[in-house]
Asks: 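Here it is: the structure, laid out below.
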2 protein chains.
Amino acid sequence: MAATLRDVAQMAEVSIKTVSNVINDHPHVRPETRARVQSAIDALGYRPNLTARSLRSGRTGAIALAVPEVSLSYFAELADAVITAAEKAGLVTLVEQTGGDRQRELALLTSPRLQMTDGLIFSPLGMDNDDRAHLEVDYPLVLLGERVFGARCDHVTMRNTEAAKAATEYLIASGRRRIAVVGHHEGEEIGSAGLRMKGYLQALEEAGIPFDRRLVGTTGLWHRWNGAMVMRELLASGATFDAVFAFNDNLALGAMRVLQEAGLRVPQDVAVIGFDNLEETAYTIPSLTTVDPGREWIASTAVETLVKRIAEGAGAPEPELTLAQFRIVERESAPRR
Amino acid sequence: MAATLRDVAQMAEVSIKTVSNVINDHPHVRPETRARVQSAIDALGYRPNLTARSLRSGRTGAIALAVPEVSLSYFAELADAVITAAEKAGLVTLVEQTGGDRQRELALLTSPRLQMTDGLIFSPLGMDNDDRAHLEVDYPLVLLGERVFGARCDHVTMRNTEAAKAATEYLIASGRRRIAVVGHHEGEEIGSAGLRMKGYLQALEEAGIPFDRRLVGTTGLWHRWNGAMVMRELLASGATFDAVFAFNDNLALGAMRVLQEAGLRVPQDVAVIGFDNLEETAYTIPSLTTVDPGREWIASTAVETLVKRIAEGAGAPEPELTLAQFRIVERESAPRR
DNA sequence: CTGAAAGCGCTAACAT
DNA sequence: ATGTTAGCGCTTTCAG
């Protein structure tokens, strides 16, 4: 059996309170007493029981991170960043997977499993804007992503439309005029696809380039394979284009591979720009020009925001929407000029 | 303030114990009483306090998973599998990152943060065999990976040498004779590189193919970029080969890309086989033949083993070494014939 | 500066 | 079938 405060107190011949004072670095302990207590702690190999501490203090020292799947590159890198940021704040991270399934997402929000944590960082995929009432929960919650806007909780996300517009403008500035997109979701207004499409359209319009529906590649999923498939369709359709804006890096990599397979040179014949700045995009051949949506910043800001909410308890200020800075990472697949 | 057992008991006009019985599905509760309690629970929105339950029961319902980095594909997919398996067992998973750093790995083993969990699934990278005494801890621990063998704790891992031998034999059976390897670690005997190299050498020897040192590509890190670099060196060296066995999929993908860039056809001119069976290898072009080392099985077995240990407490049977079945996944980069 | 004692919310042994 | 009660190990008033 592990040693308890009581054991230490007994051994050091002081009260339990004094031991507690020593452990929590409270002042008002005579150096001499402190030393005696400390040696008892060492002798017994005492380690405070965090569960008991949690019960008493109402804090667990853990946060939950809920994502669709950690094995998807974007979420893997997000999880890495969140875990690292949480650790710096002295918190451990408990990872939940929802599979991007609306039912599981809603269930998670009221799961007793969350009781083990002080708060939740939540990246839904299956929920939509009509579900936003479900996000009014009685524990600290920070929302990520672009499935839901206007919920009464803190929300940290990226500037999808602006970033997509900038990506498109970047291609235009480098002299491209016929820019295909890959990853469109028909009829979607919010959500990554909808918002990025909007940015693309804005950029075209401002540049006076007519929108050509034949250059739109539609695909629900955004895995590498989908990018390849969509690009095959575009090529087969006979459409001509000199650049591709893929709505994420997986799509871009799949599309790029098919372009090369078809004998088209990237970037000479077709420039390719992605979105996400996954680590591996620096090492592909050619390396991928992409939008860094500020993933690291989002992760650390989400943790900071959550930590603040946890500290505040109730009676806190209004929830905020915070947007990350993005930047275009220029690499080989789409040089600036 | 959240409702407690007491509040529910008061509202339902029963004792606290009866409420507890209802919640824990104990028998000996009259249906009528049960219904009354249940409606009080619903009315108050009562949710059991897991922290209190933990303190009382000595179980937290959480396990820890420690990996180098969740953003590395292999560990991302491992984490996905572990989290999923743990969830099936009613456990949540707390993810810790060590960065593959020996000091952090050792520190983690004695971290108070583990107090929040019932046990640990640990995949070290920086530790070596001499550190195995550190794995004798007083909580349930399941070791993964191939950095440490013979420690006094359960160990679930893959058949590295056998699988590597089988991969090499597969290439030989398909008619290849000059098989390059990518990912060698000079002088390593255990660890993924050492064990896989051993399997490669065994296969060559049994087939009567002389070992050619010029076909060995050495690289400490196993990212895609390293595979590309090593392959460039091999090609530049003038060495000739008709197949490549890469010690993991990242290396294989990097190498394959460089081969194609150099105008060599995969698999016609050079066959490529990897190791890991990452999800994305099914979707590369060409798709990658690779060794599935049994990652899913390892994850679920690790969780099962840990659950068993947790249930047993002390006075338990000897720790076991369990090895996953592997299989060769035949895809385009190295057809069977 | 230190000690005594009251709980945090729950479970389980023991009573009825 | 249901009620009473003693802690799990800690923090934290409140006294001394």
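So you know, we letter chains A, B, ... as the sequences are listed, proteins then strands, and number each from 1. Note that the structure is a prediction, hence the values are computed from the model and not measured.
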Asks: Identify which nucleotide among dC1(C), dG3(D), dA1(D) has an atom closest to any side-chain atom of R30(A), counting heavy atoms from C-beta outward.
Replies: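 Within the option list, the nearest is dC1(C).
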Asks: Whole-Å distance between dG9(D) P and M116(B) CE?
Replies: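 Taking atom P of dG9(D) as the reference, CE of M116(B) is at 18 Å.
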Asks: Around atom CD of E320(B), are there more than 12 heavy atoms from other residues, nucleotides or ligands closer than 6.0 Å?
Replies: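 No, not enclosed.
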Asks: When you measure from the side chain of T18(B) to the backbone N and O of V14(B), does any donor-acceptor pair fall under 3.5 Å?
Replies: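 Here the side-chain-to-backbone pair does not exist.
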Asks: Which part of the nucleic acid, if any, lies within contact of S54(B), taking any heavy atom under 4.0 Å across all strands shown: a base, the sugar-phosphate backbone alone, or nothing?
Replies: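 No contact.
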Asks: Once each nucleotide of nucleotides 10-16 of chain D is scored for protein heavy atoms under 4.0 Å, what B/S/- sequence comes out, 5' to 3'?
Replies: BBBB---
Asks: Without swapping roles, check the side chain of T157(A) against the backbone of G145(A) for a donor-acceptor pair under 3.5 Å.
Replies: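 A pair under 3.5 Å: yes.
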Asks: Separation of L55(B) atom CG from dC8(C) atom C1', in whole Å?
Replies: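 Interatomic distance, CG of L55(B) to C1' of dC8(C): 9 Å.
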Asks: Are R309(A) and E312(A) within salt-bridge range, i.e. N to O under 4.0 Å?
Replies: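 Yes.
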Asks: Roughly how many Å is it from CD in E13(B) to P in dG3(D), rounded to a whole number?
Replies: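 Value for this atom pair: 10 Å.
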Asks: Indicate whether OP1 or OP2 belonging to dG3(D) is found under 4.0 Å from a side-chain N or O atom of S15(B).
Replies: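 The answer is yes; a side-chain N or O of S15(B) sits under 4.0 Å from OP1 or OP2.
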Asks: Only counting residues at least two apart or in another chain, list the ones meeting side-chain hydrogen bond (donor to acceptor under 3.5 Å, both in side chains) with N160(A).
Replies: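 With neighbours one apart ignored, the set is E146(A), R196(A).
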Asks: Starting from the C-alpha separation in whole Å, work towards a yes-or-no answer on side chain to side chain donor-acceptor pair (under 3.5 Å) for Q97(A) and D80(B).
Replies: CA-CA 8 Å; Q97(A) 303 194 108; D80(B) 183 335; 3.0 Å; yes
Asks: Nearest-Å distance, CZ (R59(B)) to P (dC10(C))?
Replies: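 Spelled out: CZ on R59(B) to P on dC10(C) is 19 Å.
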